[in-house]
Amino acid sequence: NRDTPKNELPDGFCKIKKEVFRNYKYVIKFTNSKKNKDLDLYAYYNEIRWLKYLQKFEFVPRLYKTIEYQEDIYILMESFKGNSLDALSYGDLNFLQKNSEEFKIKLNVILNNLKNEQLIHRDLRPHNIILVRFPSSFDIKIIDFQYMRKINKDISDINSSHYYKVIQNIGGIWRDKD
């Protein structure tokens with residue numbers, strides 16, 4: 001969990017944030033049920049649901065496995081070799097500025113795919129958009145599907161007392177506008 005000393009993590013893994021860890025190939029995200037008092041289980045089940053559904057698209061991480069162990073839910077997925085838009089290096093930022101038109105086009109393709117599926121991400125922000133650079137090109141990846149839902153449908157398995165906090169945290173009805 002987030003309090004585990006670095007030397008006790010599996011070889012090659014580092015903490016990204018909270019209960020999210022990665023190495024060069026995998027990301028492990030888990031609930032930490034005791035610390036979170038099971039209030040966010042619906043968000044993890046929701047993320048698993050949408051990751052499974054979205055595997056047909058290249059802009060989402062490959063979902064390798066989900067496991068429930070000792071009251072925790074573990075999600076094992078692909079790790080991208082890139083940076084989120086809110087953590088770009090100077091070189092990445094300069095690259096992105098030079099390729100801003102292509103970036104807009106690629107991002108619009110992703111957004112149109114979601115729109116065609118009648119999906120709304122509900123947490124699409126620089127932190128959840130990953131720039132993956134190659135020598136002469138780049139890809140855009142989207143992560144964190146905990147609050148995704150179909151347009152005009154509610155999230156499944158909602159704990160209503162916690163959902164009020166979620167609405168405060170990610171915003172209200174404005175996130176549902178087309």
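Quick caveat, the model's predicted, so the values are computed rather than measured. Just so you know, residue 1 is the first one in the sequence shown, and it goes up from there.
- Atom CG in Leu93 sits 11.0 Å away from atom NZ in Lys98 (nearest 0.5 Å).
- Using the six-membered ring where Trp is involved, Tyr64 and Tyr26 have ring planes that are perpendicular, over 60° apart on the 30 and 60° scheme.
- Put simply, OG1 on Thr66 and CE on Met77 are 10.5 Å apart, with the number rounded to the nearest 0.5 Å.
- Between the side chain of Asn46 and the backbone N or O of Arg149 there is no donor-acceptor pair closer than 3.5 Å.
- Atom CG of Leu114 and atom CZ of Phe57 lie 7.0 Å apart (nearest 0.5 Å).
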Test Ile140 against Phe59 for side chain to side chain contact (heavy atoms under 4.5 Å, CB included), laying out the working first. CA-CA 6 Å; Ile140 301 171; Phe59 62 86; over 6 Å; no

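- Residues passing the salt bridge (charged side-chain N to carboxylate O under 4.0 Å, His left out) test with Glu101, sequence neighbours excluded: Lys104.
- Going from atom CG of Leu111 over to atom CG of Leu119 covers 11.5 Å, rounded to the nearest 0.5 Å.
- Phe30 and Leu9 fall within a single hydrophobic cluster, where Ile, Leu, Val, Met, Phe, Trp and Tyr side chains are chained together by heavy-atom contacts under 4.5 Å.
- Nearest approach of Asp123 to Asn128, heavy atoms of both residues: O-ND2, 2.8 Å.
- Across Pro61 and Ile142, no two heavy atoms sit closer than the pair CD-O, 3.4 Å.
- The side-chain heavy atoms of Lys141 and Leu131, taken from C-beta on, include no pair separated by under 4.5 Å.
- Within the 3.5 Å criterion, the main-chain N or O of Glu68 finds no donor-acceptor partner in the side chain of Tyr74.
- Other residues, nucleotides and ligands place no more than 12 heavy atoms under 6.0 Å from the NZ atom of Lys25.
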For the pair Tyr53 and Glu117, evaluate side-chain hydrogen bond (donor to acceptor under 3.5 Å, both in side chains) and give the outcome as yes or no after the intermediate values. CA-CA 10 Å; Tyr53 181 82; Glu117 297 289 328; 2.2 Å; yes

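- Judged by distance alone, with hydrogens and angles left aside, the side-chain atoms of Gln55 form a donor-acceptor pair with the main-chain N or O of Leu63 at under 3.5 Å.
- Atom CG of Leu76 is separated from atom CD1 of Ile67 by 7.5 Å, given to the nearest 0.5 angstrom.
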Under the criterion side chain to side chain contact (heavy atoms under 4.5 Å, CB included), I'd like the reasoning laid out for Phe80 against Ile143: C-alpha separation, chi angles, the key distance, then a yes or no. CA-CA 10 Å; Phe80 297 128; Ile143 60 170; 3.9 Å; yes

What verdict does the side chain to side chain contact (heavy atoms under 4.5 Å, CB included) test give for Val20 and Arg22, after you've listed the backbone C-alpha separation in whole Å, the side-chain angles of each residue and the deciding distance to 0.1 Å? CA-CA 7 Å; Val20 183; Arg22 75 184 259 188; over 6 Å; no

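- A 4.5 Å side-chain heavy-atom check between Ile73 and Ile48 finds at least one atom pair inside the cut-off.
- Using modelled atom types, no side-chain atom of Ser84 and backbone atom of Ile130 make a donor-acceptor pair closer than 3.5 Å.
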Test side chain to side chain contact (heavy atoms under 4.5 Å, CB included) on Leu124 and Asp144; report intermediate values, then the result. CA-CA 8 Å; Leu124 196 57; Asp144 202 356; over 6 Å; no

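- Under the 4.0 Å criterion applied to side-chain N and carboxylate O atoms, Glu47 and Lys29 are assigned as salt-bridge partners.
- Counting heavy atoms from C-beta on, the side chains of Val60 and Arg62 come closer than 4.5 Å.
- Phe13 meets the ring-ring contact (aromatic ring centres under 6.0 Å, His included) test with no other residue; sequence neighbours excluded.
- In this structure, CD1 on Ile120 lies 12.5 Å from NZ on Lys150, to the nearest 0.5 angstrom.
- For CG of Asn7, the number of neighbouring non-hydrogen atoms (other residues, nucleotides, ligands) closer than 6.0 Å is greater than 12.
- Among residue pairs with one or both ends in residues 85-132, those qualifying as ring-ring contact (aromatic ring centres under 6.0 Å, His included) are Phe95-Phe138, His121-Phe145; sequence neighbours excluded.
- No more than 12 heavy atoms of other residues, nucleotides or ligands shown are found within 6.0 angstrom of OH on Tyr69.
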